[in-house]
Amino acid sequence: MVHTEDAAIVVDDLRVRRGKRGVLHGLTLHIPRGGVIGLLGPSGCGKSTLMRAIVGVQIVQSGSLTVLGHAAGSPQLRHRVGYVTQAASVYDDLTVRQNVSYFRAVLGAPRTDVDRVIDETDLGSHADDLVGSLSGGQRSRVSLAGALLGAPELLVLDEPTVGLDPVLRVELWGLFHRLAAAGTTLLVSSHVMDEATRCDRLLLLRNGELLADATPRGLLAATDTNDAESAFLTLIRQKPARTKPETGTDTDPRPSAS
């Protein structure tokens, strides 16, 4: 068991509803600092909801969530947690450098961070291009560059590789591991099961419940399979989906979109 003070994230019996529907059903997990943790599962399983709860922008029904020793969303975490949403959070009428410079000023990060994060996200050749003229993958990297400002201790990345070509995906995962080697904790969500092998540890979600918490090798060994997709399907067979609603007013057991 990871002690709270030593953990990047501690989730205890977390429950989230959206309207009448339960999205997260009593999640409990501890994530130590450092490493690349993959949050995997099909679309609608609750990945984004969990990530929003971790960064403090999701109302929770019950349970507790501690991030870097503080309650999720605490002011003390503002400069210690970086968050990249599925949709690129950028200004299309500004250049890459202007976007990053603006976010740097808001965060109060060092001026030298602008060039550093542009280089780390391989945007140097586009630094003076308007973000609105970039491809979807490039715009996503501008969002990531903003999240890297100030060298946060925890990075929460919601499907950061969506829309990227295979070469850029490999390069981005290389960056994730370099950041982890330097001490950053990364929580990276994906619905692409083949990205599981790129993670140090895996959290598999289905219908708002945790199916597995293991290393990639441990997951394959436990399910006697050769790939993450087969392992996921094996776990589904072992643990059928929720068939009854939780007590209360939840009349629809299906999760809302994550």
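A donor-acceptor pair is defined here as one N or O able to donate and one able to accept, closer than 3.5 Å; no such pair exists between the side chain of Ser74 and the backbone of Gln76. In this structure a side-chain-to-backbone donor-acceptor pair under 3.5 Å is present from Arg141 to Asp122. In this structure, Ser143 contributes its side chain and Ser89 its backbone to a donor-acceptor pair below 3.5 Å. A distance-only check finds no donor-acceptor pair linking the side chain of Arg206 to the backbone of Phe232 [under 3.5 Å]. Judged purely by atom type and a 3.5 angstrom limit, Ser189 uses its side chain to pair as donor or acceptor with the backbone of Glu159. In this structure, His177 contributes its side chain and Arg198 its backbone to a donor-acceptor pair below 3.5 Å. Although no hydrogens or angles enter the test, the distance criterion places no donor-acceptor pair under 3.5 Å between the side chain of Lys47 and the main chain of Val188. Put simply, the side chain of Thr28 gets close to the backbone of Asp13: a donor and an acceptor are under 3.5 Å apart.
Using a 4.0 Å cut-off between charged side-chain N and carboxylate O, Arg201 and Asp213 make a salt bridge.
Summarising the geometry, atom CG belonging to Leu29 is positioned 8.5 Å from atom CG belonging to Leu39; distances are rounded to the nearest 0.5 Å. Between the CG atom of Leu130 and the CD atom of Gln98 there is a distance of 7.5 Å, given to the nearest 0.5 Å. Atom NE2 of residue His70 and atom CZ of residue Arg78 lie 15.0 Å apart, to the nearest 0.5 angstrom. Between atom CG of residue Leu27 and atom CZ of residue Arg15 there is a gap of 9.0 Å, rounded to the nearest 0.5 Å. To the nearest 0.5 Å, atom CG of residue Leu172 and atom OG1 of residue Thr121 are 9.0 Å apart. Within the model, atoms OG1 of Thr95 and CG of Leu123 stand 11.0 Å from one another, a figure rounded to the nearest 0.5 Å.
A side chain to side chain contact (heavy atoms under 4.5 Å, CB included) with Pro216 holds for exactly one of Leu202, Asp227, Asp200; it is Leu202. Residue Leu154 is tested with Leu186, Thr184, Val67, Val55 for a side chain to side chain contact (heavy atoms under 4.5 Å, CB included); the sole match is Val67.
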### Task
Could you walk me through whether Leu148 and Leu179 pass side-chain contact (heavy atoms from CB on, under 4.5 Å), step by step?
CA-CA 10 Å; Leu148 292 173; Leu179 292 168; 3.6 Å; yes
### Query
Checking side-chain contact (heavy atoms from CB on, under 4.5 Å) for the pair Trp173/Thr161: CA distance, chi angles, key distance, verdict?
CA-CA 9 Å; Trp173 279 100; Thr161 62; 3.7 Å; yes
### Task
Could you walk me through whether Val100 and Arg97 pass side-chain contact (heavy atoms from CB on, under 4.5 Å), step by step?
CA-CA 5 Å; Val100 176; Arg97 187 177 301 280; 5.9 Å; no
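Leu220 is not connected to Ile236 by any chain of hydrophobic side-chain contacts under 4.5 Å among Ile, Leu, Val, Met, Phe, Trp and Tyr, and they are in different clusters. Following chains of ILVMFWY side-chain contacts shorter than 4.5 Å, one can reach Leu77 starting from Val11, so the two form part of one hydrophobic cluster. Follow the hydrophobic side-chain contacts under 4.5 Å out from Val57 and you reach Ile9 in the same cluster.
Under the 3.5 Å distance criterion, with hydrogens and angles disregarded, a donor-acceptor pair is assigned to the side chains of Arg52 and Gln58. For the 3.5 Å distance criterion, the side chains of Arg104 and Ser101 fail to qualify, holding no donor opposite an acceptor.
With a 6.0 Å radius and a threshold of 12 heavy atoms from other residues, nucleotides or ligands, Asp93 has its CG atom above the threshold. Heavy-atom contacts from other residues, nucleotides or ligands closer than 6.0 Å to CD of Glu229 number 12 or fewer.
Contacts of Tyr102 classified as side-chain contact (heavy atoms from CB on, under 4.5 Å), with partners at least two apart in sequence or in another chain: Tyr91, Val106.
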